[in-house]
Amino acid sequence: MTATEAIPLAQPVIGGREEQLMLEVLRSGRLSLGPFLGEFERAFAAHIGVPHASAVSSGTAGLHLALRAVGVSDGDEVITTPLSFVASANVAVYERARPVFADIDPVTLNLDPAAAAAAVTERTTALLPVHLFGYPADLTAFEKLGLPIVEDACEALGAVDADGIPVGARGHPAVFGFYANKQLTTGEGGMITTSDAAMKERLDSERNQGRAPNMDWLDHDRLGFNYRLSDLACALGLAQLERLDDMLAGRAGVAAAYAEALGEIEGLQLPCPETGRVRRGWFVYVVQLPAGFDRDGVVRALAERAIPSKPYFPAVHLMSYYREQFGHRDGEFPVCEDVAARSIALPFFPEMTEGQVDRVAESLRAVLGR
Ligand SMILES: Cc1ncc(COP(=O)(O)O)c(C=O)c1O
């Protein structure tokens, strides 16, 4: 790679195995609801170490079904974090529930359990913590609140929590996302893990228009959606699962190279280190700029040096829709707002070379003048 070649922000690892399994599906003629669906679900559940998994068409679809499955409906409140991708709040709105935000922990950047506890009312029916940027949320603390939990694990495949339990294996519905930038991709897709067999049955039915689990034709005994994941996508996912450990190791290696290359830039805040038994499922590499820098200006200056980067994430409660619908305003969640204003995602993917990491680091150092 020469100095002028563009570095992508994210890049999946796709090889011969993916082609082989997808061709198998094409040749079988069973492009959806075929054998690869169950195969992918069973392999994924076994990988996480949880009894059940249900494949769905996206992480968002999975979060929607999981919220319904724990009983969220009209007029309820769901406590979640304002520092996330917008989908984790939107899914509550789909059920005419209110997403209630609480501030984040300044170190892990995840929903702060004490702030969440303070936000509980008699209308709270669920907690929706997000394992942001692959760093496990404090589930032990959330479980103490005694409310149903839906884990947004869309960014956290490969993460292990403080109790040494893989994210997705605690038994609450946990939702993974397989969009193209994720640790494992099916292009679009998602997976819900659960320890509850009855919940798995409900999820499988609701993703398939409410059809009975035995697939009796047109016996739609409940409201459902078309949230199915095609067999083509499942075959891609199965092939990706076979190489998951290598891809996760690749991401962890790139993160270590970044930590080394960026560690000396004064005032730049790197992702928090793993403590105790915690392992981050590396998804993105997000840094917080020193106070006083124009974040968007830094993104533009990096782009001029052919380094793509992205503000990551803007605070959800300050997005126009949330301001207008729910009356949110600046200053409500100061920790989140400070982090959101200073954070950018740098190029990050398993096969990123040390040379590419160094180029990003040198460019950032030059742009920051440090
Ligand atoms: C934290 C979080 N929640 C939810 C989603 C939604 O997943 P999807 O894009 O697969 O619908 C994403 C992903 O993009 C995410 O990062």
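Read the numbers this way: they start at 1 and go in the same order the structure lists the ligands and their atoms.
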Is any N or O atom of [X], backbone or side chain, closer than 3.5 Å to an N or O atom of ligand 1?
X: K182; result: yes
X: E155; result: yes
X: G59; result: yes
X: Y179; result: no

Between [X] and [Y], is the ring centroid distance below 6.0 Å?
X: F40; Y: F178; answer: yes
X: F101; Y: F326; answer: no
X: Y285; Y: Y312; answer: no

Whether R305 and E362 form a salt bridge (side-chain N of Lys/Arg under 4.0 Å from carboxylate O of Asp/Glu) is what I want to check.
no

Can you tell whether the side chains of E151 and R170 come within less than 4.0 Å, N to carboxylate O?
no

Got the closest protein heavy atom to [atom], with its distance?
atom: atom 12 (C) of ligand 1; answer: F85 CD2, 3.5 Å
atom: atom 11 (O) of ligand 1; answer: T60 OG1, 2.5 Å
atom: atom 3 (N) of ligand 1; answer: D152 OD2, 2.7 Å

Ligand-side contact atoms (ligand 1) for residue partner [X], heavy atom cut-off under 4.0 Å:
X: S58; answer: 10 (O), 11 (O)
X: V130; answer: 1 (C)
X: S84; answer: 1 (C)

Does any N or O in the side chain of D103 come within less than 3.5 Å of the main-chain N or O of A115, such that one atom is a donor and the other an acceptor?
no

Is there a donor-acceptor pair closer than 3.5 Å between any side-chain N or O of Q240 and the backbone N or O of V13?
yes

